[in-house]
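See structure below.
Position 1 is the first residue of the sequence; numbering continues from there. Computed over heavy atoms, backbone and side chain alike; hydrogens, waters and symmetry mates excluded. On a predicted model such as this, the values are computed, not experimentally measured, just so you know.
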Amino acid sequence: MGSQLSKQIERRRALKMEKRALLDLLETSGCNFPGCEYQTYDPKNWMGNLDPAKLIIKQIIWPGTHDSATNRIGIPLISRPFAQCQSMSIYEQLVNGTRVLDIRVQQDRRVCHGILLTYSVDVVIRDIRRFLSETKSEIIILEIRTEYGHKDPPGFDEYLVEELGDYLIPHDEAVFNKTVAEVLPRRITCVWKPRESEDPRPGDPLWSGGDLRDNWINTDLPSTKFESNLKYLDEQPPVSSRKYFYRVENTVTPIPDNPVVCVWPVTGRIHAYARLFIAQCFYRGIADRLQILSTDFIEVDFVDACVGNFSHQVS
């Protein structure tokens, strides 16, 4: 009992120091970067409004969501707070500017986060198709993976190809150098990450796990995650020479042996520092590596920060 209490006291001290570190960084360096004042008047159509003929795929700063389909996961007020990472539906996220989705599934094609379940992936597909039917020039990156500890849904690659059909952008490294206008009318780069099934191959309608990479660390400490994100981003090649998408997640993770294990109060420790992160990328000379930035509980200001970062290049 005494050792556990001592451990929690130390963690509280560490957390206080980590929060202070981010505040100090914000106060000393600020969060200004090229395009930081940008505000989109129409997040539903932000790609179309920036001119698809000028938007090169590899140069886009893609706003994304982490555990995207968890708005209705678990039981409200009981298990949901432990797994919910988004409050909006997939359709609402896309309308508000999200362009990278992170979907986890289990064997029966239901979306899950760990052991908690929500609706069928069919709901996700319907929301995506609805959004694409209402827009003309918006493209998205759809990552679907089998959740850790679960088995692959049988025939899932065939299901994705059948459901998304002509919207799919086939796997081809040449896509990175193309503009949005050049890949239209195809609209979805779909990354399928199975655990046991065969990975998609070059030329297939689906992309493989190696085409969308990240470096996730399991921590609830905001400054530790912030600096880790910068460190791993610094280790990537610039987007000008990279042949894969690289994602940074501006999130922290609840740790089971801590008093606070609900997602929102924990991820809230880093949630407000997305603009600071982009500013630090410029300050540390690694802005040319930033490509996908994802968050929990996405807001339009987050989208503005991502889009503003490269909008001045195409205006």
Fill in: By side chain to side chain contact (heavy atoms under 4.5 Å, CB included) - contacts of Q39 (at least two apart)
D304
Is there a donor-acceptor pair under 3.5 Å between the side chain of [X] and the backbone N or O of [Y]?
X    : Y    : value
W46  : V303 : no
R195 : E147 : yes
H171 : S208 : no
Q86  : T295 : yes

Salt bridge between [X] and [Y], side-chain N to carboxylate O under 4.0 Å?
X    : Y    : answer
D220 : R269 : yes
R20  : E27  : yes
R130 : E134 : yes

Item to complete: For R187 and T135, test the side chains for any donor-to-acceptor distance below 3.5 angstrom and give the result as yes or no.
Response: yes
Worksheet item: How close do A83 and L116 get, heavy atom to heavy atom, and via which atoms?
Response: CB-CD1, 3.5 Å
Discussion item. Please find the pair of heavy atoms, one from K178 and one from E182, that lie closest to each other, and give the distance.
Written reply: CA-OE1, 3.2 Å
Discussion item. Ring centroids only, cut at 6.0 angstrom: are F176 and F245 within range, meaning strictly under it?
Written reply: yes
Discussion item. Is it the case that over 12 heavy atoms from other parts of the model lie below 6.0 angstrom from the CG atom of L23?
Written reply: yes
